[in-house]
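Below is one structure, written out as structure tokens; comments come after it.
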2 protein chains.
Amino acid sequence: MDIVRRNTDYAARLMVHLAKHYGNGPISTRTAAAEEQVPYQLACKLMQKLNNAKLVTSCMGPKGGFVLGAEPSKISLLEVVEVIQGPISMNRCVLNEDACSRKTICTVREKLIDLQKIITKGLAAITLDELTRRGRSNRNTGKRKRIKQ
Amino acid sequence: MDIVRRNTDYAARLMVHLAKHYGNGPISTRTAAAEEQVPYQLACKLMQKLNNAKLVTSCMGPKGGFVLGAEPSKISLLEVVEVIQGPISMNRCVLNEDACSRKTICTVREKLIDLQKIITKGLAAITLDELTRRGRSNRNTGKRKRIKQ
DNA sequence: ATCATATAAGATAATATATGTCTTATATAA
DNA sequence: TTATATAAGACATATATTATCTTATATGAT
Ligand code: SF4
Ligand code: SF4
């Protein structure tokens with residue numbers, strides 16, 4: 001099972017789509033879903049969730065659609081993940097204090113808590129803003145492979 | 001759904017148990033399962049998987065059981081995770097090159113690949129060895145950064 | 001006012017995955 | 001030979017995710 005689930009991936013695509021068109025008025029779910037290859041009915045449900053969480057704002061009626069709830073640079077991938085699939089959980093004992101009776105004698109738990117923090121911070125650092133920038137977004141990671149032959 | 005699944009958690013407990021008794025001959029699954037509060041039949045299946053992966057060695061017959069396949073300091077939590085639940089996958093496109101047709105135009109994928117590497121390295125850095133040491137194993141006051149590249 | 005378009009909400013079905021249990025076979029020390 | 005323990009895999013159950021379907025509601029345009 002993937003950490004980022006399919007629906008979350010769909011939602012991320014839709015959010016990036018909105019980010020790309022930020023400032024140009026509402027984008028209908030139908031067109032966003034079509035362009036981002038997300039099943040339309042599913043897209044509707046996902047947009048509802050995002051709307052409830054105020055990550056987007058709905059505009060009903062013809063010529064309606066959704067607009068980002070904030071600037072692309074203010075919305076992180078972590079927020080999308082948490083809205084769609086809930087918080088990241090390294091193990092059941094990490095979020096739920098009394099999920100495991102062995103908590104007090106367990107040596108693994110603390111390690112997993114540390115790791116979870118790292119993951120969460122990593123996702124929080126990815127903004128929609130940078131996800132709209134194609135090709136040049138990883139210029140400062142020292143990674144540059146992809147030199148065309 | 002938790003990143004570390006229940007069966008993996010069980011397996012980790014069993015492995016830590018074996019690590020605690022490393023050098024004292026084989027430990028039967030029955031006693032390990034009882035002490036670590038793992039359903040016996042499930043424990044058998046998990047030990048089989050660990051055995052196939054050479055993380056433990058089986059000794060059949062009475063007074064038999066399992067012994068770690070290597071020193072506790074040589075076995076990481078990552079290995080246990082991968083044997084029981086398969087490799088960590090941030091998203092389906094990360095491991096499976098052709099899981100998504102959008103791969104070439106996707107800005108999210110590279111970010112997730114980076115994150116996955118961090119998680120994997122984090123799990124690989126946790127050895128059974130340190131999981132046997134109880135009572136605040138991070139004596140250097142919680143500042144465990146430096147995940148080795 | 002009416003209509004076409006688009007969101008809102010939630011029930012339901014279909015899949016996929018994970019977990020737990022059971023049965024039978026096999027190896028080996030005592 | 002026997003008691004103990006692993007080996008292997010079928011089977012059943014539980015849970016979670018994904019997809020679809022239906023009905024209701026809001027709103028701009030005609
Ligand atoms: S055994 Fe430890 S790591 Fe596993 S669920 Fe319990 S407290 Fe968490
Ligand atoms: S859209 Fe991007 S991140 Fe999502 S599965 Fe496809 S390649 Fe991976």
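We name chains A, B, ... by the order of the sequence lines, and we start the count at 1 in each one. Computed from a predicted model, the values in this text were never measured in an experiment.
Between A:L46 atom CG and C:dA8 atom P the separation is 13 Å, expressed in whole Å. As a whole-Å value, the separation of B:I84 CD1 from C:dT17 P is 18 Å. In this structure, the NZ atom of B:K49 is 13 Å from the C1' atom of D:dG9, given to the nearest Å.
Heavy atoms only, all atoms of each residue included: B:I84 and B:A11 are closest at CG1-CB, 3.6 Å. Closest of all the heavy-atom pairs between A:E97 and A:R109 is OE2-NH2, 4.0 Å.
Two residues are said to be in side-chain contact when any heavy atoms from C-beta on lie closer than 4.5 Å; B:I119 and B:M90 meet this criterion. Within the 4.5 Å cutoff, side-chain heavy atoms of B:M47 are placed close to those of B:V56. In this structure the side chain of A:E79 reaches within 4.5 angstrom of the side chain of A:L55, judged on heavy atoms.
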(Q) For DNA chain C, please output the secondary structure as dot-bracket, reading 5' to 3'. Pairs are Watson-Crick or G-U wobble, both atom distances under 3.5 Å; mark crossing pairs with [ ], other-strand partners with |, unpaired with a dot. (A) ||||||||||||||||||||||||||||||

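Put simply, the side chain of B:E36 never gets that close to the backbone of B:A33: no donor and acceptor are under 3.5 Å apart.
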Pairs: protein N or O with nucleotides 2-6 of chain D N or O, under 3.5 Å:
unit_1, atom_1, unit_2, atom_2, d
D:dT4, O2, B:P62, N, 3.4
D:dA5, O4', B:G61, O, 3.3
D:dT6, OP1, B:T29, N, 2.7
D:dT6, OP1, B:T29, OG1, 2.9

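A salt bridge links A:R133 to A:D129: one of the charged nitrogens lies within less than 4.0 Å of a carboxylate oxygen. No salt bridge links B:R13 with B:E35; every basic N to acidic carboxylate O contact stays at or beyond 4.0 Å.
Partner of B:Y22 under the side chain to side chain contact (heavy atoms under 4.5 Å, CB included) criterion, out of B:L128, B:T132, B:L68: B:L68 alone.
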Q: Quick one, give me the B/S/- string for nucleotides 13-23 of chain D, reading 5' to 3', where B means a protein heavy atom under 4.0 Å from the base and S means that only happens at the primed atoms, P, OP1 or OP2.
A: ---SSSSBBB-

Q | Chi angles and distances behind the side chain to side chain contact (heavy atoms under 4.5 Å, CB included) call for B:N7, B:Q85 | A | CA-CA 8 Å; B:N7 276 351; B:Q85 71 182 41; over 6 Å; no

